Enquirer: 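Let me give you the structure first, and then I'll get to my questions.
In this text the structure is predicted, and so the values were computed from the model without any measurement. In the text below, chain A, chain B and the rest are named by the order of the sequence lines, each starting its count at 1.
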Number of protein chains: 2
Amino acid sequence: MAAASIKEVARRAGVSLGTVSNVLNRPDMVAPATRQRVLDAIAELGYVRNDSARQLRAGQSRTIAIVVLDVANPFFTDMVRGAEQVVEETGAMLIVCNSGEDSARERRHLELLEEQRVRGVLITPVGDGPQPHLEKLIDRGIPVVLVDRGAGRASRCSVAVDDVLGGRLAMDHLLDQGHRRIAYVGGPFSLAQVAERHAGAAAALEERGAGAELRVAATTSLTVASGRRAAEDLLALPARQRPTAVFCANDLIALGVLQELTVRGLRVPADVAIVGYDDIEFAAAAAVPLSSVRQPREQLGRTAAQLLLEEAEAGATHQHRHVVFQPELVVRRSSDQPRRPRR
Amino acid sequence: MAAASIKEVARRAGVSLGTVSNVLNRPDMVAPATRQRVLDAIAELGYVRNDSARQLRAGQSRTIAIVVLDVANPFFTDMVRGAEQVVEETGAMLIVCNSGEDSARERRHLELLEEQRVRGVLITPVGDGPQPHLEKLIDRGIPVVLVDRGAGRASRCSVAVDDVLGGRLAMDHLLDQGHRRIAYVGGPFSLAQVAERHAGAAAALEERGAGAELRVAATTSLTVASGRRAAEDLLALPARQRPTAVFCANDLIALGVLQELTVRGLRVPADVAIVGYDDIEFAAAAAVPLSSVRQPREQLGRTAAQLLLEEAEAGATHQHRHVVFQPELVVRRSSDQPRRPRR
DNA sequence: GCGACTGGATGAAACGTTTTAGGCGCTATA
DNA sequence: TATAGCGCCTAAAACGTTTCATCCAGTCGC
């Protein structure tokens, strides 16, 4: 059964093609009797509007895209749900793309989205450098909102959480607990989140961590598996160099570290304290409930979507805005054991 | 900057419009010199193909959709990643829609997807009854593959895991451990997964659980929060009626139950054993590592995508297939403590 | 009874592709 | 020298909408 077009509906209802379109789009411009005849014809034929044709004519689609670093990371899925709420209220559609922290895939997605003439793009970009493909989108007039990333760019809106502050909160807490050998586990550092959380931690240490040291254990991605590998590396250190606390760039890594340490017989927090980042739902349910830096995940998504819709609406008169949320440290058992400094 | 069209590229390169199209789609049909001129023009103008027009002409899009019950559930995101791998190899795009276990949202998504003339739909449907909107898609000639659901329908392919068997595995294990008062926590029962896992458990009990009873604690959704609420209810029972083991319809619920029990001072597995379902990554990292019925999550997605592509390719000659995977019980600490029956 | 409106419908143009039938200038064949 | 064949290109049609200018038949005010 080939899809019926507006033309056949028109023929069946005995009206012109334009009238059918009016029934669809401005129903009160057409006389009730006629309208009913058209609606009947639509029902009988099982007519479904062809969105490609509509878009072609309109020059724009009604979909908005969100490109995330990792669909399997609960932080992003919560963000997606926030964005979804807002987007769907407007009758538009949100399509979710996964870059998997891979720059080539990100580019490929953006190309496809551009071909689709999406109405706007929410994105947590992979790299932190210049972003030629994003610029291209913007040049084309497609609004882009940076999520969880890059406040301060003039050419686009952004929504972010103060990751430097988050890093500070975590580090201050660990220093308060008496830790002096601390590791930061995370990567790649090309992700600004990773770099800034580290920067915050380093700054806190610099300011008040007399005699404390921060070792970096870089990972290739922000996953549980990466966390486990990093923990292995830490365990390979001689015991007296081994950190007594670990601050992880996100909760997945923290969970990985926790798993590996536990399997290898170390106790958390007695032997090693752990602080994660994001406060995903699973952090509280972990083997040892995980301390974490909480971000307003859904709100991040909601706000981003609102900014985007606003920009798409306003067009040229739009003023780019940068919303920054404050993170908040949630202390749980994984770091809740003061340590008497003994060095 | 309005988007440049093929026409302007043609003018700039001094060729006809059809030639530009040929450069794009069958590059070797056009003389190298001309081709280069066209490519230059494309680069200079920053031309990007308009997918709506292309689709309109082709009558079909190059996107495939996957509609899941809950994007925030790691089970589904893993499935999505599997499907993604396969779909992207073909140069198509996978768009992810979230029904949130809400039938109205599911319907709305399917309508939009139909308007978009997607090439096919992978779906884990919300309800288990007749599915008029799915039928409508199929009538229209849009291939639909049921995922994690409904083997045996004649009009579509399906990929699933034997949930009845999964329920049996869990229940047999709990009976082996000596449990006699067992609860099944999950819902809504309109989800076939929920109903079948229960059916499997009930059947196992029927066959060999002399004197054992299975109490059902129904939830409204498959989330951590639902699990916590269900656990509260169980805790409200008089101690001697309280189950000594809980089989949960999925891991999120199991994690919720685990959390609530722990907070209320019960020990797992000593006081209550727990078995979950799905074996998501976080199950192993839980406060008490969670026993769970493992499903091949990514493979489910991959296989579904392959079936869909195959069907889209084959057209009318296609034979619907039903692939069923076997689940596997993974025993971890949450249920690993035999109990001497004392009733 | 006449012009000016008005509500309701029509017809055609336009959006940007892809595709198909054909045209043009060559070279190879007879 | 005519003819067929070939390589490369062009022109035009078609896909299904939406919109805009127009038209028609009543109705109202005078």
Enquirer: Given atom CD1 of I42(B) and atom C1' of dT17(C), what is their separation to the nearest angstrom?
Expert: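 That distance rounds to 13 Å.
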Enquirer: Is it true that H133(B) and E114(B) share a donor-acceptor pair across their side chains at a distance under 3.5 Å?
Expert: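 No, because no side-chain N or O of E114(B) sits under 3.5 Å from a partner of the opposite role on H133(B).
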Enquirer: Looking at D40(B) and R37(B), is there a salt bridge between them, counting it only when a charged N and a carboxylate O are closer than 4.0 Å?
Expert: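 Answer for the salt bridge query: no.
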Enquirer: Look only at the side chain of S99(B) and the backbone of V68(B), and say whether a donor-acceptor pair between them is shorter than 3.5 Å.
Expert: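 Yes; judged by distance alone, with no hydrogens or angles, the pair exists.
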Enquirer: Does a side-chain N-to-carboxylate-O contact under 4.0 Å join D51(B) and R54(B)?
Expert: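 Looking at D51(B) and R54(B), the cut-off is met.
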Enquirer: Taking all atoms of both residues into account, what is the closest heavy-atom pair of N98(A) and D70(A), and its distance?
Expert: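 Looks like OD1-CA, 3.3 Å.
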Enquirer: Between T34(B) and R117(B), name the one whose nearest nucleotide on DNA chain D is closer to the 5' end.
Expert: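 Residue closer to the 5' terminus by nearest nucleotide: T34(B).
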Enquirer: Applying a 4.0 Å non-hydrogen cut-off, can you work out what S5(A) is touching in the nucleic acid: base, sugar-phosphate, or nothing?
Expert: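 The residue S5(A) makes sugar-phosphate contact but no base contact.
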Enquirer: Locate the shortest heavy-atom distance separating R119(B) from P143(B); write the atom from each residue and the value.
Expert: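 In terms of heavy atoms, the two residues are closest at O-CD, 3.2 Å.
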Enquirer: Go through the steps for H320(A) and H318(A) under the test ring-ring contact (aromatic ring centres under 6.0 Å, His included), then give the verdict.
Expert: CA-CA 6 Å; H320(A) 292 297; H318(A) 174 81; 5.0 Å; yes
Enquirer: Mind checking if G59(A) touches a base, just sugar-phosphate, or nothing, with heavy atoms under 4.0 Å?
Expert: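 Nothing, no nucleic acid heavy atom in range.
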Enquirer: Can you measure I6(A) atom CD1 to dA12(C) atom P for me and round it to whole angstrom units?
Expert: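 I6(A) atom CD1 is separated from dA12(C) atom P by 17 Å.
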Enquirer: Is R108(B) salt-bridged to E88(A), cutoff N-O under 4.0 Å?
Expert: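 No, no charged N to carboxylate O under 4.0 Å.
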Enquirer: Could you check how far NZ of K7(A) sits from P of dG11(C), rounded to whole Å?
Expert: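 These atoms are roughly 13 Å apart.
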Enquirer: At how many degrees, to 10°, do the end axes of the helix from dG1(C)-dC30(D) to dA30(C)-dT1(D) meet when each uses five pairs?
Expert: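 Its terminal axes enclose an angle near 50°.
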Enquirer: Can you measure L17(B) atom CG to dT19(C) atom C1' for me and round it to whole angstrom units?
Expert: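 From L17(B) CG to dT19(C) C1': 12 Å.
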Enquirer: Does anything in residues 49-58 of chain A come within less than 4.0 Å of DNA chain C? Heavy atoms only, and list the residues if so.
Expert: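 Within this stretch, L56(A), R57(A) sit under 4.0 Å of the strand.
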Enquirer: Which nucleotide span of DNA chain D, 5' end to 3' end, has atoms closer than 4.0 Å to non-hydrogen atoms of chain A?
Expert: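 So the contact region on DNA chain D extends dG16(D) to dT19(D).
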Enquirer: Looking at R35(B) and P27(B), would you say the former's side chain and the latter's main chain have a donor-acceptor pair under 3.5 Å?
Expert: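 Between the backbone of P27(B) and the side chain of R35(B) there is a qualifying donor-acceptor contact (under 3.5 Å).
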Enquirer: Can you tell which of L308(B), V86(B), V159(B) makes a side chain to side chain contact (heavy atoms under 4.5 Å, CB included) with T303(B)?
Expert: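 One option only clears the test, and that one is V159(B).
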Enquirer: Rounded to the Å, how far apart are R37(A) CZ and dA9(C) C1'?
Expert: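 Spelled out: CZ on R37(A) to C1' on dA9(C) is 11 Å.
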Enquirer: Name the residue from R297(A), Q85(A), M79(A), E84(A) that meets the side chain to side chain contact (heavy atoms under 4.5 Å, CB included) definition with R302(A).
Expert: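 Only match with R302(A) under side chain to side chain contact (heavy atoms under 4.5 Å, CB included): Q85(A).
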Enquirer: Rounded to whole Å, how long is the line connecting atom CG of N22(B) with atom C1' of dA21(C)?
Expert: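 My rounded result for the distance is 13 Å.
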